[in-house]
Amino acid sequence: MYQLEEHIFLIGFMGVGKSTIARILSKMLGVREYDTDRMIVAREGREISKIFEEDGELAFRKMETDLLEDLKGYKPSIIACGGGVAMRTENVESMKRQGKILLLTASPETIYAHVKDSTNRPLLKGTMSVEGIAELMAKREPKYMAAADICMLTDGMTPRMVAEKIVEILENSTPVSLETQK
């Protein structure tokens, strides 16, 4: 079995499956998994939508940055990051110091299918559509791509298939940039 020696940070747009894949990966590799959004909700005692509403997006982004710094003291783990974590340079630098950054991508149609019934996506408020998602994804893509050590297209794959491919990449030390298709 692959021995995890540093954190693996899963980044990507909301609804791409980071949390689900992190849970599967943690079981496959025998390590802990953490979800930055869940950790912030637990620390703050309120939902992310409430944090956005009461304190604003900037305060939430600062909470993400502070949390990443706290993760330095954790044993190597799988960390599912909120969709906006990679938008801040200091966050990317912190993640790179602590491990590998794996970008999970999917089409706007796939993302929409995953999030269309969600009511806790503050950044999609009023723009819950394939077009709205595509627009926000296009804004974020350059930063996601710049941050990523590994890039994986997940369209047409189950979360288990994605996790298995990630383990295969890690075990075989496959080159840094990889796009996987069905």
Side-chain angles (χ1 to χ4, degrees), residues 1-42 64 67-68 71-72 74-87 91-92 94-118 120-121 124 130 133-134 136-138 140-182:
M1 176 163 54
Y2 180 79
Q3 182 67 39
L4 196 64
E5 296 177 8
E6 58 187 352
H7 291 319
I8 300 288
F9 293 93
L10 302 181
I11 66 167
F13 201 76
M14 64 186 91
V16 77
K18 298 178 301 281
S19 299
T20 302
I21 292 164
R23 275 192 301 278
I24 296 167
L25 267 178
S26 74
K27 288 182 179 95
M28 290 173 75
L29 297 174
V31 297
R32 297 271 325 251
E33 62 90 9
Y34 298 97
D35 181 297
T36 61
D37 284 349
R38 283 198 315 255
M39 292 174 82
I40 289 171
V41 166
E64 289 177 322
L67 177 60
L68 287 175
L71 290 171
K72 285 179 181 175
Y74 288 51
K75 288 181 179 175
S77 306
I78 307 297
I79 299 156
C81 298
V85 167
M87 298 303 102
N91 292 351
V92 172
S94 178
M95 289 186 289
K96 289 222 181 255
R97 283 191 302 272
Q98 297 181 57
K100 293 272 183 273
I101 302 175
L102 199 154
L103 170 62
L104 301 175
T105 66
S107 69
E109 292 80 9
T110 297
I111 300 292
Y112 178 72
H114 292 174
V115 302
K116 68 179 188 249
D117 297 323
S118 178
N120 62 348
R121 308 278 182 178
L124 291 180
V130 171
I133 289 167
L136 186 53
M137 285 176 77
R140 289 184 168 192
E141 184 177 19
K143 290 203 177 218
Y144 284 150
M145 294 302 285
D149 294 309
I150 299 167
C151 178
M152 181 178 277
L153 179 63
T154 63
D155 285 331
M157 297 175 75
T158 66
R160 178 93 189 161
M161 290 165 66
V162 173
E164 288 170 353
K165 189 67 179 172
I166 292 168
V167 170
E168 181 184 317
I169 291 165
L170 295 172
E171 287 176 341
N172 296 321
S173 298
T174 301
V176 171
S177 181
L178 175 80
E179 288 222 354
T180 303
Q181 298 185 352
K182 54 178 173 169

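Heavy atoms only: backbone and side chains are in, while hydrogens, waters and symmetry mates are out.
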Original post:
Distance from Glu33 atom CD to Leu25 atom CG, nearest 0.5 Å?
Top reply: 9.5 Å

**OP:** Could you pull out the closest heavy-atom pair between Tyr112 and Ile133, with the gap in Å?
**Re:** CA-CD1, 3.6 Å

Subject >> Main-chain N/O of Gly83 paired to Arg140 side chain as donor or acceptor, under 3.5 Å >> reply: yes

Subject >> Closest contact, heavy atoms only, Gly99 versus Phe9 >> reply: N-CE1, 4.2 Å

Original post:
Going from CD1 on Ile11 to CE on Met87, what distance comes out if it is rounded to the nearest 0.5 angstrom?
Top reply: 7.0 Å

**OP:** Check whether any side-chain N or O of Thr154 sits under 3.5 Å from a backbone N or O of Thr105 as a donor-acceptor pair, and report yes or no.
**Re:** yes

Subject >> Any donor-acceptor pair under 3.5 Å from Glu64 side chain to Cys81 backbone >> reply: no

Original post:
Rounded to the nearest 0.5 Å, how far does CD of Glu164 lie from CD1 of Ile24?
Top reply: 8.5 Å

Subject >> Spacing of Tyr74 atom OH and Ile79 atom CD1 [to the nearest 0.5 Å] >> reply: 9.0 Å

**OP:** Kindly check if the number of other-residue, nucleotide or ligand heavy atoms within 6.0 Å of NZ (Lys72) is above 12?
**Re:** yes

Original post:
Any side-chain heavy atom of Met152 sitting closer than 4.5 Å to one from Ile166?
Top reply: yes

Subject >> Side-chain donor/acceptor of Asp149 to backbone N/O of Ile101, under 3.5 Å >> reply: yes

**OP:** Give the minimum heavy-atom separation between Ser77 and Val31, together with the two atoms involved.
**Re:** CA-CG2, 4.4 Å

**OP:** Any chance you could measure Leu102, atom CG, to Ile8, atom CD1, to the nearest 0.5 Å?
**Re:** 7.0 Å

Subject >> Distance in Å, Ile21 CD1 paired with Ile78 CD1, rounded so as to fall on 0.5 Å steps >> reply: 11.0 Å

**OP:** Might you point out which heavy atoms bring Leu104 and Val16 nearest each other, and give the distance in Å?
**Re:** O-CG2, 3.6 Å

Subject >> Option among Glu5, His7, Glu6 that satisfies the side chain to side chain contact (heavy atoms under 4.5 Å, CB included) test with Lys100 >> reply: Glu6

Original post:
Taking only residues at least two apart or on different chains, which pairs with a member in residues 143-163 satisfy ring pair (Phe, Tyr, Trp, His ring centres under 6.0 Å)?
Top reply: none

**OP:** Check whether any side-chain heavy atom of Ser94 sits under 4.5 Å from a side-chain heavy atom of Arg97, and report yes or no.
**Re:** yes

Original post:
Counting N and O atoms only, with roles assigned by atom type, does the side chain of Lys18 sit under 3.5 Å from a partner on the main chain of Asp35, one being a donor and the other an acceptor?
Top reply: no

Original post:
What closest approach, in Å, do Leu103 and Ala148 show between heavy atoms, and which atom pair accounts for it?
Top reply: CB-CB, 3.6 Å

